[in-house]
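As structure tokens, the structure follows; a few thoughts come after it.
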There are 4 protein chains.
Amino acid sequence: MPKETFFNINTEKRKLITTAFLREFALKPFDEASISEVVKRLGIAKGSIYQYFEDKLDLFLYLLKESGDIKKNYVGSIERESYPNFWAFFKALYEAGLQFDKESPLHSHFLFNLIKNLQSPTMEHLYKEMLQSTVLAFEEMVKTEIEKGLFRNDISPDTMGFMLYRVGVSIQEQMEFKSIINPKESILNSEPVYKDKNEQLMNMVDDYILLVKPAFDKN
Amino acid sequence: MPKETFFNINTEKRKLITTAFLREFALKPFDEASISEVVKRLGIAKGSIYQYFEDKLDLFLYLLKESGDIKKNYVGSIERESYPNFWAFFKALYEAGLQFDKESPLHSHFLFNLIKNLQSPTMEHLYKEMLQSTVLAFEEMVKTEIEKGLFRNDISPDTMGFMLYRVGVSIQEQMEFKSIINPKESILNSEPVYKDKNEQLMNMVDDYILLVKPAFDKN
Amino acid sequence: MPKETFFNINTEKRKLITTAFLREFALKPFDEASISEVVKRLGIAKGSIYQYFEDKLDLFLYLLKESGDIKKNYVGSIERESYPNFWAFFKALYEAGLQFDKESPLHSHFLFNLIKNLQSPTMEHLYKEMLQSTVLAFEEMVKTEIEKGLFRNDISPDTMGFMLYRVGVSIQEQMEFKSIINPKESILNSEPVYKDKNEQLMNMVDDYILLVKPAFDKN
Amino acid sequence: MPKETFFNINTEKRKLITTAFLREFALKPFDEASISEVVKRLGIAKGSIYQYFEDKLDLFLYLLKESGDIKKNYVGSIERESYPNFWAFFKALYEAGLQFDKESPLHSHFLFNLIKNLQSPTMEHLYKEMLQSTVLAFEEMVKTEIEKGLFRNDISPDTMGFMLYRVGVSIQEQMEFKSIINPKESILNSEPVYKDKNEQLMNMVDDYILLVKPAFDKN
DNA sequence: CATGAATGAGGCTTCATTCAT
DNA sequence: TATGAATGAAGCCTCATTCAT
């Protein structure tokens, strides 16, 4: 939670700062991200950052929450009931994600890099926590589908939940692996992660669904 | 590639150094691993390290190669032809891996932590390279299976290869996520990653195969 | 000397500020006392402090004078003539001090910590000055007693005066040393230094008098 | 405990460093003493200090131990049995102290300033500990004298012990108070605390003994 | 009278690497 | 071959004070 002062400053300046640090954390793991470098680039005093935030972690957590909140605006309204099956719902989440990516590219980059960012020893605790809650959410979805009789019930739902979570990560990672997207580069231009690549992402999602569907669906 | 000097020193000392740094890199990302700390623990001169290796990266790469080579001794002899189907072969790889883990626990830990280790910006290039070759290997396997008519052919083999690679990572990560294994702790005792957990790992592998098999197999 | 502005503000607010800084200076040496921390706790603007006071030292001196003035209200009326001998007078000073401590606990804490507070290099000058006047007062008393033929005259009055001053400090310090009082703790509750320990303090004073009396009294 | 490296460097350089920091800590409380300033003056790299010592505290404790050890060389051989009464013994301690002061002026200054130095919040723990052990030593002396029937037995020995400790502090403080000595100044010239003032110190000691003797002695 | 954002120097500490011995 | 002292940049963070509003 930033200090009040942060919310009192000029909106434009606030955005400048936010932007600069989103970028930094989108490029480097927490422990390697450098406040000093960013303020130098921003041309503001290092002390100022500590007027706004308790410390580096506070700053990071603020960006995390902000990014999460914004993403929720896009993804939060998607509900399972509105879709004929889980996979349609799953795809819808990605489509919403693309909208978010397009309209808040830096927040998107920040979240894109989150897993890597959390590998820093300093972040170990937070990492476990976030993983836990993310996986849990997927587990819940799986359980619901199993109850509906739509997913198989011969494999423990936690393994299936974890796998589903992993699918998400894989998709993103494969896009990068195949050099379809190039985050490091697009960050610098404040361009969306998936700029001009929406279709290719959705194709990849389709592929994954094709692959995973028979593994999850009953029969 | 270490300097000659490294191979001229006492074998025992060489092993001591190797061990200490395997441990360090198994615990921390590259950029946060500290040469200073390790030499202090070893009680040798910091300068010595620079007699043996060009720099930190050189040292790391040496350990990487060594670990890989040793692992190959276990895994390299496993051949697809010896097994009735891909999944039996896949399981056999894990069983060999466990043997490696048991007999070279620190190398195993080093490789276990490799993915996290490579997230450092310094390592970006290397990361891509290694990923490339790993995934490629899986792709080749997939292609072979497709040619044999055993895997489905309606999804691009590279996606399937990548997914297969991902399955491996997921298994390992889920074992840690469920606190079945505790790498940080077992490193300190130089114990294998999967000490007393071999059975549980193989069960997890079975689960994953159960899940993934229908996604890959033809029909 | 504070600026006019300080006396123009709401009495209540003035008291709040006074209180908070008395506390801070009662807990830490001058150079380590932090204006930043106090204003944060107070929830007022940091700039305000500089509207009221020239700088940190000015603020400190104000509190010092205020505390001294208040204490004088208690101690000032005690006169040597009212007591049969010096030691009865000496005890009376302590009893008045206890009253002050009870009714103005924070000012009392501030003065209690004063010696430690003045150890900061910044304060060196002030320290000497205050010491000077304090010791001088004791010297005067000693001289009077000598003139009356009640104190021995074979030791220089300034040594005796200094020693008397020292006795005072020692009593206070020994109370803390023996953990009878716990200033750091009682400050937080705005409790008197000697809360519930009045009797024990006076016993200690008696002990010291017993000890010192033969050293000072003629014969 | 400094690191080995510190004892490996050039004796002369070690002395230079030691000297510079003794000076710094003799002038300022721990929290205000600045490593940065000292190394700048020394013209050595800041990092070097951290090759020699764990941290600031480690450095301080080393100087403390060294100073104490050296002083013990002077004072340690003085034994109560060699003197007809306690006060002769007490004086002898001061005479030995003066020898120490003359031959190791900076260590003497360091110890002279110790009490003030330990007022820093960081040092609170250490302060209490040292006070405890110092006072205890005096208490033991007092008890012995009481057992011998030489000191009065109607006042608790801990009060008497504490008072005795206080006498020591007072003597030193009064010398400074009366401007007979000027530590801040003589530090800069690496001159003994009591340079050319030995006689005056011993006179002061005599005065104090005269004063305190009747307070402690039986009858 | 109040605000509080901005400053920038200064604090301690860590690190990989160099180089003279 | 081995040593380990020296380096100095970089890291995060704190602080009293100023000044425009």
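Here is the naming used below: chain letters follow the sequence lines, and residue numbers restart at 1 for every chain.
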Report task. Report the distance from atom CG of A:Leu64 to atom CG of A:Leu59, rounding to the nearest 0.5 Å. Result -> 11.0 Å
Query raised in the report: To the nearest 0.5 Å, how far apart are CG in D:Leu22 and NZ in D:Lys15?
Result: 10.5 Å
**Report entry** Pairs involving residues 57-66 of chain D, ordered by first then second residue, that meet side-chain hydrogen bond (donor to acceptor under 3.5 Å, both in side chains) (sequence neighbours left out)
**Finding:** D:Tyr62-D:Glu66, D:Lys65-D:Asp69, D:Glu66-D:His107
Query - E:dA2 phosphate, OP1 or OP2, under 4.0 Å from C:Lys13 side-chain N/O - result: yes
Requested in this report: Examine F:dA2: is either OP1 or OP2 under 4.0 Å from a nitrogen or oxygen in the side chain of B:Tyr52? Give yes or no.
Outcome: yes
Report task. Would you please name every residue forming a side chain to side chain donor-acceptor pair (under 3.5 Å) with C:Tyr127, sequence neighbours left out? Result -> D:Glu173
Report summary line: What residues 5-12 of chain C contributes to the DNA chain E interface at heavy-atom separation below 4.0 Å is C:Thr5, C:Asn8, C:Ile9
side-chain contact (heavy atoms from CB on, under 4.5 Å) involving [X] - partner list, sequence neighbours excluded:
{"X": "B:Asn113", "result": "B:Lys116, B:Asn117"}
{"X": "A:Phe112", "result": "A:Gln172, A:Glu176, A:Ile181, A:Pro183, A:Val193, A:Tyr194"}
{"X": "A:Ile187", "result": "A:Arg23, A:Ala26, A:Leu27, A:Leu106, A:His109"}

Whole-Å distance separating the [atom1] atom of [X] from the [atom2] atom of [N]:
{"X": "B:Lys3", "N": "F:dA2", "atom1": "NZ", "atom2": "P", "answer": "12 Å"}
{"X": "C:Leu42", "N": "E:dA2", "atom1": "CG", "atom2": "C1'", "answer": "14 Å"}
{"X": "C:Ile17", "N": "E:dC1", "atom1": "CD1", "atom2": "P", "answer": "13 Å"}
{"X": "A:Phe53", "N": "E:dG4", "atom1": "CZ", "atom2": "P", "answer": "17 Å"}
{"X": "B:Ile44", "N": "F:dA2", "atom1": "CD1", "atom2": "P", "answer": "9 Å"}

Enumerate, atom names and distances included, each donor-acceptor pair closer than 3.5 Å involving a side-chain atom of residues 7-14 of chain D, sequence neighbours excluded.
unit_1: D:Asn10; atom_1: OD1; unit_2: D:Glu12; atom_2: N; d: 2.8
unit_1: D:Arg14; atom_1: NH1; unit_2: D:Phe7; atom_2: O; d: 3.1
unit_1: D:Arg14; atom_1: NH1; unit_2: D:Ile9; atom_2: O; d: 3.1

Requested in this report: Give the stems involving DNA chain E, where a stem is 3 or more consecutive Watson-Crick or G-U wobble pairs (i with j, i+1 with j-1, and so on) under 3.5 Å.
Outcome: E:2-21 with F:2-21
Query raised in the report: ring pair (Phe, Tyr, Trp, His ring centres under 6.0 Å) with C:Phe60: which residues, sequence neighbours excluded?
Result: C:Phe25, C:Phe30, C:Phe110
Query raised in the report: Going 5' to 3' along nucleotides 13-21 of chain E, which nucleotides have protein heavy atoms under 4.0 Å from the base (write B), which only from the sugar-phosphate (write S), and which from neither (write -)?
Result: BBSBBB---
Query raised in the report: Could you give all pairs that pass the salt bridge (charged side-chain N to carboxylate O under 4.0 Å, His left out) test and reach residues 121-130 of chain B, with sequence neighbours left out?
Result: none
Query - Sequence neighbours excluded - salt bridge (charged side-chain N to carboxylate O under 4.0 Å, His left out) pairs with any residue from residues 36-50 of chain D - result: D:Glu24-D:Arg41, D:Lys28-D:Glu37, D:Glu37-D:Arg41
